[in-house]
Amino acid sequence: MQLATWNVNSLKVRLPQVLDWLAANPVDVLCLQELKQEDHAFPLEALAAAGYRAEFAGQKTYNGVAIVYRDTLTATEVIKDIPDYDDPQRRVIAASFGELRVVCAYFVNGEAVDSDKYTYKLTWLGKLERYLADSLARWPQLALLGDFNIAPDDRDVYDPAGWAGKVLCSESERAAFQRLVAMGLADSYRHFHADGGQYSWWDYRAAMFRRNLGLRIDHILLSPPLLARAQSCEIDRAPRKNERPSDHTPVVVTLG
DNA sequence: ATGGTTGGGTTCCAA
């Protein structure tokens, strides 16, 4: 079984690339972030023609998340948004596939550490943490996939000195990431790869992708029973080379 | 050096 995550930065623009990618990479579950569209515009028919169904939580202009899954699977116990947290931004969707619980999240970016958006980010991280603790108690086989907007350590940053203390790399954000790890959610990419210089996002500006100046901020975290089944976790850089690419590229985990 | 590019929406915001 394969699970993947991809921040598509507008599903409207990227739908052809998503369909191409699924044709070449027929994963079982694909978590999408930054749909940037309302639910009435979600491309259910195009995905159905490709053999996929989806659950989604969109909104106009910003945010928006979806779980796309093979039509041989059944999604149950779907939740949209973090329970008991009144947040107008559509950033979380979760669904069960048998015993497997999939949580797809678009973490707050935060803009800068002195921004109100950073305060929102830390609040949001706290709410997510509580929600995941509850979820893990109910679903031991839990995978958390998404754009975390956190580079867990300096290996995940092209210029660690330049990024030190900045948003995406700050101590508080990294501490929040480590609290997820302490909960039992392992960074599956790091489980298989110790090397640095492997990124999932590159700024559109200044030819950052061509120069491989990026950050690893898209992650797949696995609870212990799933980590035990994990066979590989890979970043697929190919879609970042497309014309009109997303600024993020997919991450894929293979479970036995 | 506070730049640069993209998407969505609209006279700029978010990333």
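Every chain is numbered from 1, with letters handed out A, B, ... down the list of sequences.
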Protein-nucleotides 2-7 of chain B N/O pairs under 3.5 Å:
{"residue": "B:dG7", "atom": "OP1", "partner": "A:Arg14", "partner atom": "NH1", "Å": "3.0"}
{"residue": "B:dG7", "atom": "OP2", "partner": "A:Arg244", "partner atom": "NH2", "Å": "3.2"}
{"residue": "B:dG7", "atom": "O3'", "partner": "A:Ser10", "partner atom": "OG", "Å": "3.2"}

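Ring-plane geometry between A:Trp201 and A:Trp163 is classed as perpendicular, the angle between the planes exceeding 60 degrees on a 0 to 90 degree scale with a lower cut at 30. Using bins of under 30°, 30° to 60° and over 60° for the plane-to-plane angle, the ring pair A:Tyr199/A:Trp202 lands in the perpendicular bin.
With a 4.5 Å cut-off on side-chain heavy atoms, A:Ser10 and A:Gln37 do not count as touching.
The distance between atom NZ of A:Lys60 and atom C1' of B:dC13, rounded to the nearest whole Å, is 13 Å. For the pair A:Gln37 CD and B:dA14 P, the interatomic distance rounds to 20 Å; values are reported in whole Å. Following rounding to the nearest Å, A:Gln89 (CD) and B:dA14 (C1') show an atom-to-atom distance of 10 Å. A straight line from CD1 of A:Ile217 to C1' of B:dA15 spans 9 Å, rounded to a whole angstrom. Going from atom OH of A:Tyr118 over to atom C1' of B:dA14 covers 18 Å, rounded to whole Å. Rounded to an integer number of Å, the gap from CD of A:Glu34 to C1' of B:dA14 is 8 Å. If you measure from atom CG of A:Asp247 to atom P of B:dG8, you get 12 Å, rounded to the nearest angstrom. The separation between A:Asn7 atom CG and B:dA14 atom C1' is 12 Å, rounded to whole Å.
Rounded to the nearest Å, the gap between the P atom of B:dG9 and that of B:dT5 is 22 Å. Separating the C1' atom of B:dC12 from that of B:dA1 is a span of 24 Å, rounded to the nearest Å.
Residue contacts shown for A:Tyr106 are limited to sugar-phosphate atoms, with no base heavy atom under 4.0 Å away.
A donor-acceptor contact under 3.5 angstrom links the side chains of A:Tyr204 and A:Asn9, judged on distance only. A:Asn63 and A:Arg90 form no side-chain donor-acceptor contact under 3.5 Å, judged by distance and modelled atom types alone.
Contact check on A:Lys80 versus A:Asp39 returns no salt bridge, with no Lys/Arg side-chain nitrogen under 4.0 Å from an Asp/Glu carboxylate oxygen.
Taking side-chain N and O atoms only, A:Lys12 has no distance below 4.0 Å to OP1 or OP2 of B:dG8.
Distance CG/A:Asp218 to CZ/A:Phe148: 9.0 Å, rounded to 0.5 Å.
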